[in-house]
There are 2 protein chains.
Amino acid sequence: MDEVSTPLVPEATVARLPVYLRGLVDLASDGVETVSSEQLAAVAGVNAENVRKDLSILGSYGKRGVGYEVDFLIEQIKRVLGAGDPVSVVIVGAGNLGRALAYYGGFASGGFPIKGLVDSSPEIIGQEVAGITVEPFEELKDVVQKNSCTLGIIATPAAAAQSVADQLINAGIYSILNFAPGLVTVPESVTLRKVDLATELHILAFHEQQRERNE
Amino acid sequence: MDEVSTPLVPEATVARLPVYLRGLVDLASDGVETVSSEQLAAVAGVNAENVRKDLSILGSYGKRGVGYEVDFLIEQIKRVLGAGDPVSVVIVGAGNLGRALAYYGGFASGGFPIKGLVDSSPEIIGQEVAGITVEPFEELKDVVQKNSCTLGIIATPAAAAQSVADQLINAGIYSILNFAPGLVTVPESVTLRKVDLATELHILAFHEQQRERNE
DNA sequence: CAATGTGAAACAGTTCACAGCA
DNA sequence: TGCTGTGAACTGTTTCACATTG
């Protein structure tokens, strides 16, 4: 009955764990075997007490006076993040962005192999992109099931985004990353995150203006 | 001395204003002249009290019993965000991602025209991408100054990111959007935001796992 | 004794509830 | 009367300070 090994991980911590993970993997490949919270903070771009609070939530994995064992910590963070084994990804939209994402090798090596690529445009369907054949959008459910995709990326124009999200959910996907601008709504049971470039630029412009004002 | 028209805008509000702006522009193009906080909340995907709190920070622009005047609100949000006139952008890295960004028309129409595109690879330099000629990375400072770019986007591999950031700052850019994974540090006077795809996928995987655990 | 783990304090952001105004 | 504007309560997050321990 509701056996939970990691009782409660704050969202802010979840968002930092992948950053620690990346830093730890780098350190490991440099042959480093032990890190202090101070060192890990430095490679992650946060402060040391933050690192300690975050790691203490996963369990007491550090040794006082010494630090944390790199390999062991990598395993623990992977376990908590659910990054034990690869998570197959389907990308909807094989335009410029979809292709750029498909070609980006970091996904596969990071444990997120792109296993499906669909588009609705007849000129694009059938093309080979990064070793994957672009399938028709109508085949989405099939593609998802054949490749056991559990994560979907929306890389279409804004106008299509909501219906793409609906179809992803219909295909059995509960985790969606949306690159299209504009509002997409999903049921509570689905996790939707968005990467909103226009918003990012506006935020930067705001700070730029603040700077100018203080000159 | 220190005349500040908008005394203090919380970061969380700054991050939502562009979303309101997009919704308002859509509404305006549909001929809508007045919105309630409830309606604006619906198109922005937040709740109504949040909208009211955010807008009240800019000033008392609403009419009780009626709502907000769409056109006027658009102007006010633009003013606060510093989106009055176009902000020229330079992209460093004309690989798949850099090209995808350059081709994305939403930037120009949103007030962020791409005015420069540089890369270090000889095969790419000189190519025409989205109507822009790719210039050598060494010419960055020139490109920035000639086109009055105030915002830089890093679309290079992780290994180059830090030195690209340094060069952008050296070229006079204080606002940077980084797509490369890994740590990039900048002086306090510079605003750096990052879009971290690997982290986004890890966060989704975490929630996916949470779901599975509760089944 | 160096570095972790963690309560307590401070801060930021959201939600609630309702007073106040067109 | 309907919808804004906002103090107050609450929730989440960060920072601080220090006792704890390998």
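Just so we're clear, the structure is a prediction, and the values are computed from it rather than from any experiment. Sequence lines set the chain letters: A, B, ... in the order given, protein chains first and strands last, and positions in each chain run from 1.
At the phosphate of C:dA3, neither OP1 nor OP2 sits under 4.0 Å from any side-chain N or O atom of A:Y61.
A donor-acceptor contact under 3.5 angstrom links the side chains of B:R211 and A:T191, judged on distance only. A donor-acceptor contact closer than 3.5 angstrom is absent between the side chains of B:Y104 and A:N96. Checking B:R193 against B:N178 by side-chain atom types alone, no donor-acceptor pair falls below 3.5 Å. When only modelled atom types and interatomic distance are considered, B:S175 and A:E208 share a side-chain donor-acceptor pair under 3.5 Å.
Residues B:N147 and B:V143 come closest through the heavy atom pair ND2-O, 2.8 Å. For A:G152 against A:I173, the heavy-atom pair with the smallest separation is N-CG2, 3.7 Å.
The separation between A:L17 atom CG and D:dT13 atom P is 13 Å, rounded to whole Å. Between the OH atom of A:Y68 and the C1' atom of C:dG5 there is a distance of 7 Å, given to the nearest Å. Rounded to whole angstrom, the span from the OH atom of A:Y20 across to the P atom of C:dT4 amounts to 12 Å. In this structure, B:E11 atom CD and D:dT14 atom P are separated by 14 Å, rounded to whole Å.
No donor-acceptor distance shorter than 3.5 angstrom exists from the side chain of B:R99 to the backbone of B:V129, with no hydrogens or angles considered. Of the possible donor and acceptor atoms, one in the side chain of B:Q209 sits under 3.5 Å from a partner among the backbone N and O of A:V80.
Within a 6.0 Å radius of CD in A:E38, other residues, nucleotides and ligands contribute 12 heavy atoms or fewer.
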Please produce a list of atom pairs where a protein N or O lies less than 3.5 Å from an N or O of nucleotides 20-22 of chain D.
from   : atom 1 : to    : atom 2 : distance (Å)
D:dT20 : O2     : A:R64 : NH1    : 2.5

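Looking at residues 188-198 of chain B, you'll see that no heavy atom sits under 4.0 Å from any atom of DNA chain C. Of all the residues in residues 30-55 of chain A, A:N47, A:N50, A:R52, A:K53 reach under 4.0 Å from DNA chain D with at least one non-hydrogen atom.
The residue from A:I153, A:V92, A:I169 that alone fulfils the side chain to side chain contact (heavy atoms under 4.5 Å, CB included) condition with A:I176 is A:I169.
Ring centroid separation for the pair B:Y174 and A:H207 does not come in under the 6.0 Å cut-off.
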